[in-house]
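To start, the structure under review is shown below, and the notes come after it.
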Amino acid sequence: MCGTEKARVVKSSSSSAGLDHSETRENGTTLSSHSVINLDHGDPTMFEAYWQRMGDKCTVVIPGSQSLSYFSNMKNLCWFLEPELEESIKRVHHVVGNAVTKDHHVVVGTGSTQLFQAALYALSPSDALEPISVVCAIPYYSSYAAVTDFLRSGLYKWGGDAHAFDKDGAYIELITSPNNPDGNTRDAIVKRGGGKLVHDLAYYWPQFTPITKPADHDIMLFTVSKSTGHAGSRIGWALVKDKDVAKKMTKFIELNTIGVSKESQLRAAKVLGVIADSCQSCDTPDSDNVFEYGKLIMSERWNKLRDVVGQSDMFSLPEYAKEYCNFMGKFTESYPAFAWMKCNRNIEDCAELLRGQKIITRSGERFGADSKHVRVSMVSKDEEFNLFIERLLAIQETSNEYHI
Ligand SMILES: Cc1ncc(COP(=O)(O)O)c(C=O)c1O
């Protein structure tokens, strides 16, 4: 594979990173110095510029007569999974080398959010007197707690920080690697008998982290939201080893939404197929490979952010070790989709400080951590990111005015 054989260098494209704010303003930006910039969600609009450049490569035309049936393939355990999507998923994992698909069943979901709930249902004992505890080490992805307890299920309930979990018996542990919000690579924490593990690998793609080995776990969750930026298509997939667990997850989705939109599946199949082709073809310019492109933008953004943060001791950021990325064929750094930023000195509420400068972030408290931390999306559009950097610089330059 070309990707692993040569160290690829991508030149910065003018339509992407590297634009300063004044340039974007000339290009018709809608943001001004009064605008609120919302970096609370991990909305992957950063990828729009790339897909605009790809033009019609991923255009999918669906005639009115196509895809009327509920069913996709009755011979498949996951009967609503479109065969083209299954093939593209397997191909893309094979060329990227980030997950083992052999001996795993593919279950498609309406985003990995639905698959997360399907996994909780499938892993919960049906005859237990008490709901099974669902745990994750702090800081954890804020939706886990909210989704787990939303319907007050009798099957499972949120058990909080995996480090503090001290109950005997069965439990479900969520392992997000790289982690949202802090970008760290993770392993299971509790490591006791009766533990059932769900690996959420939404960010285990080369633009965010070095691909060190193909992941091979019992349940692995992936999504196009973070891999290709197509969050709006709402397509996620689970790779599931155990047939009965895969069947139960499929049952959950059957009862929840009677399958998953075929239009979305066909679009995701096309996008993932084009990506797999571009990774396999030696003729593809590096800037046309979504992972190379994504990594370039992420590295430029992280470098800018580290430059600004390094100008004072007001904020700090995590450091990540370089590791050998089998996909890139060289040692690379992690450039997480979120910055897990800490306010130092005597600032107790970092989100509030930033809100005062019209920057909306998510407080560390939402992740089971403290309010000195915030999570900042690094995958917004250029103009939002550049305005964020400008404002962060201004905060530091005028920090005396804030009496901090
Ligand atoms: C760790 C993690 N898992 C899952 C999701 C949700 O993915 P989807 O859009 O496929 O529902 C997110 C979204 O931010 C995430 O950060």
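Side chains are part of it too, since the values below use all heavy atoms of this structure and drop only hydrogens, waters and symmetry mates. First listed ligand is number 1; within each ligand, the first listed atom is number 1.
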Looking only at distances, can you tell me whether any N or O atom of [X], backbone or side chain, sits closer than 3.5 Å to an N or O atom of ligand 1?
| X | result |
| --- | --- |
| Asp200 | yes |
| Asn180 | yes |
| Tyr144 | no |

Would you say [X] contacts ligand 1, with heavy atoms under 4.0 Å as the rule?
| X | result |
| --- | --- |
| Gly236 | no |
| His41 | no |
| Phe116 | no |

>> Within the 4.5 Å heavy-atom criterion, are Ile132 and Pro125 side-chain neighbours or not?
In response: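 A side-chain contact under 4.5 Å exists here.
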> Quick one: salt bridge (Lys or Arg N to Asp or Glu O under 4.0 Å) partners of Arg192, sequence neighbours excluded?
Replying inline: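 Arg192 satisfies salt bridge (Lys or Arg N to Asp or Glu O under 4.0 Å) with no other residue.
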Could you identify the single nearest non-hydrogen protein atom to [atom] and state the distance to 0.1 Å?
| atom | result |
| --- | --- |
| atom 7 (O) of ligand 1 | Ser112 OG, 3.2 Å |
| atom 16 (O) of ligand 1 | Tyr203 OH, 2.5 Å |
| atom 14 (O) of ligand 1 | Lys226 NZ, 3.0 Å |
| atom 6 (C) of ligand 1 | Thr113 OG1, 3.5 Å |
| atom 12 (C) of ligand 1 | Tyr141 OH, 3.3 Å |

Taking only heavy atoms of [X] into account, list the atoms of ligand 1 that are under 4.0 Å away from them.
| X | value |
| --- | --- |
| Arg234 | 8 (P), 9 (O), 11 (O) |
| Gly111 | 10 (O), 11 (O) |
| Ser225 | 8 (P), 9 (O), 10 (O) |
| Thr176 | 1 (C) |

Pair [X] and [Y], ring centroids less than 6.0 Å apart:
| X | Y | answer |
| --- | --- | --- |
| Phe222 | His93 | yes |
| Tyr141 | Tyr144 | yes |
| Tyr324 | Phe331 | yes |

Closer than 4.0 angstrom, basic N to acidic O: yes or no for [X] and [Y]?
| X | Y | result |
| --- | --- | --- |
| Arg306 | Glu319 | yes |
| Lys372 | Glu348 | yes |
| Glu87 | Lys90 | no |

> What pairs with Asp103 under side-chain hydrogen bond (donor to acceptor under 3.5 Å, both in side chains), at least two apart in sequence or on another chain?
Replying inline: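 Asp103 satisfies side-chain hydrogen bond (donor to acceptor under 3.5 Å, both in side chains) with no other residue.
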>> Would you compute the distance between atom CD1 of Ile395 and atom CG of Leu354 and round it to the nearest 0.5 angstrom?
In response: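 Rounded to the nearest 0.5 Å, the CD1-CG separation comes out at 5.0 Å.
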> Which bit of Gln114 gets closer than 4.0 Å to ligand 1, counting heavy atoms only: side chain, backbone, both or neither?
Replying inline: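 Answer for Gln114: neither.
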